[in-house]
**Student:** 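What follows is a structure written as structure tokens; I'll ask about it next.
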Amino acid sequence: MAQPRQDTQRKAKAGDSAAAKVKQLESFSQGPENQLTTNQGVPIPDNHNSLKAGVRGPTLLEDFILREKITHFDHERIPERVVHARGTGAHGYFELYKSLSEYTRADFLQEVGARTPVFVRFSTVAGSRGSSDTVRDVRGFAVKFYTREGNYDLVGNNIPVFFVQDAMKFPDLVHAVKPEPHHEMPQAASAHDSFWDFVSLMPETTHMLMWVMSDRAIPRSLRMMEGFGVHTFRLVNARGVAHFVKFHWKPKLGKHALVWDEAQKIAGKDADFHRRDLWEAIDQGNFPEWELGLQLIEESKAQALGFDLLDPTKLIPEDMVPVQLVGKMVLNRNVDNFFAETEQVAFHPGHVVPGIDFSNDPLLQGRLFSYTDTQLSRLGGPNFHELPINRGVCPFHNFQRDGMHRQTINKGQVNYEPNTLATGSEQRVDGGTGGFQSYPEEIESPKVRRRSASFDDHFSQATLFWNSQSPAEKEHIIAAFQFELSKVAVPAIRQRVVDNLAHVDGKLARKVAEPLGIGAPDAKAAAGRAGFREARTKLPIESSAALSMETAGGPIQTRKVAILVADGVETGAMKIVQQALLDAGAICKVVGPHLGFVSTSSGQQLAVDFTYVNMPSVMFDAVLVPSGAASARALAANGDAVHFVLEAFKHFKTICVIGEGVELLRSLGINAAGSESVVAAGVLVGKSEPTARVQLAQDFVAAIGKHRHWGRANVDAVPA
Ligand code: HDD
């Protein structure tokens with residue numbers, strides 16, 4: 001069969017297509033309106049007054065200008081996504097480092113250096129469109145590649161496993177986690193009875209629960225989290241040979257989290273925290289990057305892993321199958337219009353291109369139905385692929401016709417295939433071997449509505465995850481379970497959860513149970529309940545470093561540092577440290593008692609960016625308190641400034657004080673490294689003498705790179 005399109009497309013040079021999507025979107029874009037017209041193009045004479053029978057008389061039905069304006073307004077909203085309603089998106093490109101021709105025939109994965117335009121949408125899962133960004137939740141990580149062979153969507157999450165094993169349970173899971181149906185509370189939170197009731201009866205959720213109770217579920221930034229395709233997919237090469245594959249996105253800025261108290265406060269102080277962070281980074285030219293990683297497994301070796309690759313509650317430890325980095329994704333352009341792009345984008349795990357195929361994962365199989373179906377009600381009909389954001393950069397043609405909001409004008413007499421009237425020949429016009437070839441997996445078995453016994457191991461990878469966490473991370477997981485379960489009114493539900501946890505780790509279960517007013521965890525009781533399975537797999541490893549987020553240090557690009565000032569601040573040493581931070585890519589903001597200026601110790605004016613109140617410490621990664629006796633005294637006397645520093649300390653952030661700034665710390669009861677016998681990790685004190693400044697600046701940069709300083713004692717006692 002003929003395959004003309006594909007061949008001519010392939011001849012395009014690598015790199016040519018990166019701008020193709022932007023160019024296409026431009027043709028649909030419109031700038032600000034200067035001369036108002038109706039949607040029919042009729043000039044509007046007066047956009048302030050409706051047409052009335054006399055200036056004080058009733059408005060006339062005849063006023064088509066008013067009617068059109070109000071009617072359009074009345075219909076501006078579309079249904080929000082049934083899950084992942086809150087999200088934010090950006091454009092960019094994917095660039096291949098390493099040809100994957102050995103594994104796949106996918107065009108965009110052949111030529112080293114080839115750039116493919118992408119659109120990415122990050123999301124939370126449970127909350128509504130207007131909910132807060134920093135809630136405890138899974139984050140969606142959906143990437144649309146506009147390839148020359150059609151759109152490929154990798155619709156993943158920031159957690160590599162899922163709650164349930166079969167799509168049949170997805171609606172129940174979502175009903176359980178969403179606000180409870182009788183009073184529609186709580187918003188964007190899993191800390192309520194119906195969620196824990198459901199998961200406690202579904203032990204297969206245990207592995208994912210460990211991830212969701214960990215710091216992974218409260219990322220510091222969308223730019224600082226991993227992404228995963230979750231399911232096992234197939235790559236199929238030109239000879240038809242398949243490999244199983246797991247997809248990973250590795251953030252160049254490292255993986256980092258907020259602390260829970262901070263996340264909750266940010267939800268109130270700036271509900272758009274993650275959205276703003278991504279927007280500002282791209283706007284300022286700090287383009288976030290992720291590397292695409294693959295775990296490739298020969299089909300014949302899949303069995304030897306010891307667990308079932310079709311089970312989406314399992315990951316493949318990187319120690320067992322290393323992740324090969326094959327390319328990078330750069331997000332370099334914000335949207336022009338949130339609704340047109342981010343809201344109308346329609347992802348679908350079933351949008352694949354030749355050379356990428358599905359596996360029989362029963363969760364994935366259900367998804368293949370769900371995503372088109374949901375767009376029909378969300379986007380109002382079957383032509384959503386014609387919306388500018390969803391259009392491929394290659395042409396599409398078939399005999400699907402008509403329907404709501406059709407835009408293409410299909411010419412001619414023929415809307416069927418085969419035909420001779422249009423082609424003049426009796427030849428078929430489908431692609432044959434040039435088209436998508438489904439992997440010809442042999443299947444010979446009776447129809448059954450059952451779960452495979454190879455899906456029965458519900459705990460060994462949950463234990464692996466637990467064993468892989470640092471002591472601080474373990475504490476956070478325990479605290480998260482305690483917090484969530486403390487919001488569960490029914491004691492029997494709390495009890496069932498800790499009984500299940502006893503199968504992950506005895507100490508974890510005991511610790512979680514301690515403040516919950518229930519009995520000791522009872523592993524036997526869990527094992528006696530319906531649905532319980534524990535076909536534990538013997539894994540060849542006890543722990544896996546890749547599962548932890550603990551870092552010994554990393555880049556500080558785009559980290560935000562508050563320079564806390566008041567009148568009398570001494571700026572000599574401050575400027576040296578500030579310059580070192582800027583050189584390392586950090587963003588410094590001067591935070592003072594009011595907007596405008598503060599006066600420095602040398603009588604100059606220092607511009608203030610924010611106040612202690614309008615930009616509190618939770619908006620920053622680190623704090624610098626410059627020298628200056630008057631400034632230190634003024635800060636110590638200001639409750640908001642005091643709270644600022646105490647809160648940063650409580651959230652384990654790096655604090656650097658210079659000269660007299662240390663007096664502020666002392667007055668707050670914080671002992672700094674080098675200044676007192678008791679050392680507080682990540683609190684640096686520098687003299688303002690010139691010789692000490694450079695070293696201090698270097699130490700400060702290194703300390704911020706550690707992200708947080710978990711070694712601080714008695715943080716719970718800090719009143720912030
Ligand atoms: Fe889903 C949206 C990711 C299981 C049904 N899903 C959605 C989005 C992401 C995921 C990132 C948002 C896309 C966007 O930004 O527009 N979903 C996942 C992952 C899953 C998963 C990683 C498991 C591994 N999902 C899943 C199942 C079903 C769905 C099992 C149904 C059987 N998901 C949907 C949906 C959504 C959706 C209802 C809502 C909005 C949309 O599709 O476009 O169809």
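Both ligands and their constituent atoms are indexed starting at 1 by order of listing.
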**Student:** Which residue holds the protein heavy atom closest to atom 44 (O) of ligand 1, what is that atom called, and what is the gap in Å?
**Tutor:**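 Here the closest protein heavy atom is Ser370 OG, 3.1 Å.
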**Student:** Can you tell me the protein heavy atom closest to atom 22 (C) of ligand 1 and the distance?
**Tutor:**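 Checked against all protein heavy atoms, atom 22 (C) of ligand 1 sits closest to Asn157 ND2, 3.2 Å.
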**Student:** Of all the atoms in ligand 1, which lie at a distance below 4.0 Å from a heavy atom belonging to Val82?
**Tutor:**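 The list of qualifying atoms is 38 (C), 39 (C).
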**Student:** What protein heavy atom sits nearest atom 41 (C) of ligand 1, and how far away is it?
**Tutor:**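 Going atom by atom, the protein heavy atom closest to atom 41 (C) of ligand 1 ends up being Thr374 CG2, 3.5 Å.
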**Student:** When you check the gap from the basic side-chain N to the acidic O, do Asp133 and Arg276 get nearer than 4.0 Å?
**Tutor:**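 The answer is no: the pair does not qualify as a salt bridge.
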**Student:** I'd like to know if Asp172 pairs up with Lys169 as an ion pair, taking the criterion as any Lys NZ or Arg NE/NH1/NH2 lying under 4.0 Å from an Asp or Glu carboxylate oxygen.
**Tutor:**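 Yes, Asp172 and Lys169 are salt-bridged.
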**Student:** Any idea which protein heavy atom is nearest atom 13 (C) of ligand 1, and the distance to it?
**Tutor:**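 For atom 13 (C) of ligand 1, the nearest protein heavy atom is Phe347 CD1, 3.9 Å.
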**Student:** Please identify which atoms of ligand 1 are closer than 4.0 Å to at least one heavy atom of Val155.
**Tutor:**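 The list of qualifying atoms is 3 (C), 9 (C), 10 (C), 11 (C), 22 (C).
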**Student:** Taking only residues two or more places apart in sequence or in another chain, which ones pass side-chain hydrogen bond (donor to acceptor under 3.5 Å, both in side chains) with Ser131?
**Tutor:**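 Ser131: no side-chain hydrogen bond (donor to acceptor under 3.5 Å, both in side chains) contacts found.
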**Student:** Evaluate the ring planes of Phe145 and Trp249, with Trp represented by its six-membered ring, and classify them as parallel (under 30°), tilted (30 to 60°) or perpendicular (over 60°).
**Tutor:**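 Parallel, since the angle between the ring planes stays under 30°.
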**Student:** Tell me, which protein residue and heavy-atom name are nearest atom 21 (C) of ligand 1, and how many Å apart are they?
**Tutor:**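 The answer is Arg367 NE, 3.2 Å.
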**Student:** In terms of residue, atom name and distance, what is the protein heavy atom nearest to atom 11 (C) of ligand 1?
**Tutor:**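 Scanning the protein heavy atoms, the shortest distance from atom 11 (C) of ligand 1 goes to Gly156 O, 3.2 Å.
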**Student:** For the CE atom of Met549 and the CD atom of Glu473, what is their distance to the nearest 0.5 Å?
**Tutor:**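 Between Met549 CE and Glu473 CD, I get 7.0 Å after rounding to 0.5 Å.
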**Student:** Of the listed options (Gln365, His84, Arg81), which comes nearest to atom 16 (O) of ligand 1 when hydrogens are ignored and any heavy atom counts?
**Tutor:**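 Nearest option to atom 16 (O) of ligand 1, by heavy atoms: Arg81.
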**Student:** Quick one: are the ring centres of His84 and Phe347 less than 6.0 Å apart?
**Tutor:**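 Aromatic pair excluded; centres sit 6.0 Å or further apart.
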**Student:** Return a yes/no value for Arg378: is any of its N or O atoms, backbone included, closer than 3.5 angstrom to an N or O of ligand 1?
**Tutor:**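 N/O-N/O distance below 3.5 Å does not exist for this pair.
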**Student:** Give the atoms of ligand 1, by number and element, whose distance to some non-hydrogen atom of Phe141 is under 4.0 Å.
**Tutor:**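 Reading through ligand 1 atom by atom, the close ones are 11 (C).
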**Student:** Which bit of Val83 is near ligand 1, meaning a heavy atom under 4.0 Å away: side chain, backbone, both or neither?
**Tutor:**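 For Val83, backbone and side-chain atoms both sit under 4.0 Å from ligand 1.
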**Student:** So if I count the atoms of ligand 1 from 1 in the order they appear, which ones are less than 4.0 Å from some heavy atom of His231?
**Tutor:**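 Taking each heavy atom of His231 in turn, ligand 1 has 23 (C), 24 (C) under 4.0 Å.
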**Student:** Using a cut-off of strictly less than 2.8 Å, determine whether Tyr371 has an N/O/S atom near atom 1 (Fe) of ligand 1.
**Tutor:**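 Looking at Tyr371, which is the residue asked about, there is an N, O or S atom under 2.8 Å from atom 1 (Fe) of ligand 1.
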**Student:** Should Arg121 be counted as touching ligand 1, given the test is an N or O pair under 3.5 Å?
**Tutor:**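 There is such a contact, yes.
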**Student:** Quick one: nearest non-hydrogen protein atom to atom 31 (C) of ligand 1, plus distance?
**Tutor:**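 Going by distance alone, atom 31 (C) of ligand 1 is nearest to Phe170 CD2, 3.2 Å.
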**Student:** About how many Å separate CZ of Phe287 and CD1 of Ile282, when rounded to the nearest 0.5 Å?
**Tutor:**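 Rounded to the nearest 0.5 Å, the CD1-CZ separation comes to 7.5 Å.
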**Student:** In terms of the angle between their ring planes, are His351 and His348 parallel, tilted or perpendicular, with boundaries placed at 30° and 60°?
**Tutor:**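 The arrangement is tilted - the two ring planes meet at 30° to 60°.
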**Student:** Looking at every non-hydrogen atom in both residues, tell me the closest pair between Thr88 and Phe338 and how far apart they are.
**Tutor:**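 Closest approach of Thr88 to Phe338, heavy atoms only: CA-CE1, 4.3 Å.
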**Student:** For the rings on Phe247 and Phe228, is their centre-to-centre separation under 6.0 Å?
**Tutor:**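 No, the ring of Phe247 stays outside the 6.0 Å limit from the ring of Phe228, centre to centre.
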**Student:** As an exercise, state the distance from OG1 of Thr104 to CZ of Arg234, rounded to the nearest 0.5 Å.
**Tutor:**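 Rounded to the nearest 0.5 Å, the OG1-CZ separation comes to 13.0 Å.
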**Student:** Only heavy atoms of Gln375, strictly under 4.0 Å: list the atoms of ligand 1 that pass.
**Tutor:**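 Once the distances to Gln375 are compared, the set is 41 (C), 43 (O).
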